[in-house]
Amino acid sequence: MPTVTAAWLAAHISNASARGIAAAVADLVRQGDIEPGAKLAPVRALATELDVSPTTVAEAWAILRRHQVLRTQGRNGTVVTGPPSVPHPVRYERIGHFAGQLRTDLSLAAPDPALLPELGAALDSALGDSRFNAYQRELVTPALDRAARAHWPFEPQALMAVGGGYEGILLACQTQVIAGDRVVVEEPTAARLLDVLDLLGAEVLPVGCDAAGPRPDELAEAMRRKPAAFLYQPRSLSVCGHVVTAARRAELAEILEPGGTAIIEDDGLGPLAAAPPHSLGALLPERTVLIRSYSKSHGPDLRMGLVGGSSELIDKMRVLRSFGTGWTSRILQGALAALLEDPADARRLSHARERYTERSAALLRALAERNVPAQGAEGFVVWVRVHEETDALVTLAAHGIAASPGSRYYSGSPQQPGIRIGCGRLDPESAEFTELADLLALAARGGTSG
């Protein structure tokens, strides 16, 4: 393996800032002056040649790793992998892509299409908006602002419509977090949240959870490192379904109040959640934004989410978004507003909420009858404890069933192996349901595929 010396590399770098070093190395790789497989000089050696701190070179290497130009191999040093590439959300891309190889895909926390609304009438009503086809940029239409505020868990200083919950998460993180910043994240958490933080080059400070949400003792310890943001789900955690209680919210607020840490709340289940969201926005309004998705409640192709809370934080998101789409379709906003204000849709939501609750409760009962530890307070998922993650997944796959590995939802190694089961489309009355419970019990105990 060829080695690129510090002296040679320094001679080809004219700007010794972290970004300048990263740009120079990327250019050398693009032009073929440094070939894939080459080993780079140690960080301290290059820093000495450039007369900069080792931290500056380390930041440059972090930028290049995010763009897949380099990889670090421990004691073997840093190796060039190739020209810059688009960073991938590696956890998210591994979810739910089995190309028909398996008969049952339970890796997705997806809604049942039969419980989603018909959109035709709502879309028709949206086309009558007087602002339709105007080029006026607005955070949210008056109709959606009115409809959303009626159900928001606190009085938001501002609301902004976005293209789904994860666009809101990405915008919030992009405006609050820069490479190297520390971000407190509850664990387990949504895989895509961790992908977003990887993209931004953030350092994740994991905080464990119990049935009432993030643990106050662990949050207090993490806050000593002065994080830029605290990112969590106040209800219906997408991994194990727990809900933050009012008492726990008060404890978290007391810990967060002294600093300037931004609070980003992910309300992914939105109107389908049974429990009220005890949002920190009610206690720390200047520093909190809550991002609510309507994909599971009103349909993924409606592509609608709302960000509500601090006007200062939302204005930063608005500015960043003006480089791209600028605003969310008023047709889609109008359709969602019509649905949120329709009593018939409220009844549909209530029915859907009951059905999803019945399905998760039925699976939890079936697993309890088989002495399998599992949890899932509400939502589309049940978390199943297993003896060994890989064995459990292989056992299920051998029977044509896909589940989600629990390790995907942790920044490090989980303390307790588990798998996540998407139960939103299960039919507890079917023979397949009983078979699934038996197979989950076999997989959890470390049984073989036969």
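For the single chain, residues carry numbers from 1 onward in sequence order. The model shown is predicted, which means the values in this text are computed figures rather than measured ones.
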(Q) Contact between Met304 and Ser295 at the side-chain level, heavy atoms closer than 4.5 Å - yes or no? (A) no
**Q.** Close side-chain approach of Pro234 and Ser279, heavy atoms under 4.5 Å
**A.** no
**Q.** Any side-chain heavy-atom pair of Leu170 and Leu199 under 4.5 Å
**A.** yes
Q.
So, taking the atom named CZ in Phe230 and the one named CG in Leu256, what distance separates them when rounded to the nearest 0.5 Å?
A. 6.0 Å
**Q.** Residues which pass side-chain contact (heavy atoms from CB on, under 4.5 Å) with His278, listed by chain and number, not counting sequence neighbours
**A.** Ala246, Arg249, Pro276
(Q) Can you see whether Asp345 engages His298 through a side-chain donor-acceptor pair at a distance of less than 3.5 angstrom? (A) yes
Q: Tell me, yes or no, whether the heavy-atom count around Glu118 atom CD, taken from other residues, nucleotides or ligands under 6.0 Å, exceeds 12.
A: no
Q) Does atom CZ of Arg149 have more than 12 heavy-atom neighbours from other groups under 6.0 Å away? A) yes
(Q) Under a 3.5 Å threshold, yes or no: a donor from one side chain and an acceptor from the other, between Arg408 and Ser404? (A) yes
Q: Go through the steps to decide whether Leu283 and Glu257 satisfy the test side chain to side chain contact (heavy atoms under 4.5 Å, CB included), and finish with yes or no.
A: CA-CA 9 Å; Leu283 303 178; Glu257 195 277 332; over 6 Å; no
Q) Nearest 0.5 Å, what's the CG-CG distance between Leu349 and Leu340? A) 8.0 Å
(Q) Ile331 vs Leu123, test: side chain to side chain contact (heavy atoms under 4.5 Å, CB included). Steps then yes/no. (A) CA-CA 7 Å; Ile331 299 173; Leu123 288 167; 4.0 Å; yes
Q: Look at the aromatic rings of Tyr356 and Phe380 and report parallel, tilted or perpendicular, splitting at 30° and 60°.
A: tilted
Q.
For Glu203, give me all partners under side-chain contact (heavy atoms from CB on, under 4.5 Å), at least two apart in sequence or on another chain.
A. Arg182, Leu205, Arg225
Q: Examine the side chains of Thr261 and Arg287 and answer whether a donor and an acceptor come within less than 3.5 Å of each other.
A: no
Q: Evaluate the side-chain proximity of Arg370 to Asp438: yes if any heavy-atom separation is below 4.5 Å, no if none is.
A: yes
Q: Would you indicate whether Gln31, at its atom CD, is surrounded by more than 12 heavy atoms from other residues, nucleotides or ligands within a distance under 6.0 Å?
A: yes
Q. So, Arg65 versus Thr81: side-chain donor-acceptor pair below 3.5 Å or not?
A. no
Q: Before giving the answer on side chain to side chain contact (heavy atoms under 4.5 Å, CB included), spell out for Leu306 and Val162 the whole-Å C-alpha distance, their side-chain angles and the decisive distance to 0.1 Å.
A: CA-CA 6 Å; Leu306 281 169; Val162 291; over 6 Å; no
Q.
Once side-chain contact (heavy atoms from CB on, under 4.5 Å) is applied, do any residues pair with Ser413, and if so which ones, sequence neighbours excluded?
A. none
Q: Give a yes or no on whether Glu254 atom CD has more than 12 heavy-atom contacts from other residues, nucleotides or ligands under 6.0 Å away.
A: no
Q: Please round to the nearest 0.5 Å and tell me the distance separating atom CD1 of Ile314 and atom CG of Leu139.
A: 7.5 Å
(Q) Under a 3.5 Å threshold, yes or no: a donor from one side chain and an acceptor from the other, between Glu286 and Gln157? (A) yes
Q.
Quick check: do Val307 and Leu171 have side-chain heavy atoms less than 4.5 Å from each other?
A. no
Q) Is there side-chain contact between Ile263 and Tyr232, with heavy atoms separated by less than 4.5 Å? A) yes
Q) Val384: what forms a side-chain contact (heavy atoms from CB on, under 4.5 Å) with it, not counting sequence neighbours? A) Leu367, Val372, Ala374, Val382, Val386, Ile419, Ile421, Ala444
Q. Less than 4.5 Å apart, any side-chain heavy atom of Met317 and any of Gln176?
A. no
Q) Taking the six-membered ring for Trp, are Tyr409 and Trp383 parallel (under 30°), tilted (30 to 60°) or perpendicular (over 60°)? A) perpendicular
Q: Using salt bridge (Lys or Arg N to Asp or Glu O under 4.0 Å) as the criterion, list what pairs up with Asp266, not counting sequence neighbours.
A: none
Q. Does the side chain of Glu187 come within less than 4.5 Å of Ser411's, by heavy atoms?
A. yes
Q) Any salt bridge (Lys or Arg N to Asp or Glu O under 4.0 Å) pairs touching residues 422-436, not counting sequence neighbours? A) Arg103-Glu435
**Q.** Side-chain donor-acceptor contact under 3.5 Å, Ser360 with Glu378
**A.** no
Q: Give the ring-plane orientation class for Trp152 versus Phe154, where under 30° counts as parallel, over 60° as perpendicular and anything between as tilted.
A: perpendicular
(Q) side chain to side chain contact (heavy atoms under 4.5 Å, CB included), that's the test. Do Leu231 and Ile169 meet it? Break it down for me. (A) CA-CA 9 Å; Leu231 179 56; Ile169 293 291; 4.2 Å; yes
Q.
I need the Leu339 CG to Leu302 CG distance, nearest 0.5 Å.
A. 7.0 Å
Q: Using distance alone, with no hydrogens and no angle criterion, decide if Glu265 and Thr288 have a side-chain donor and acceptor under 3.5 Å apart.
A: no
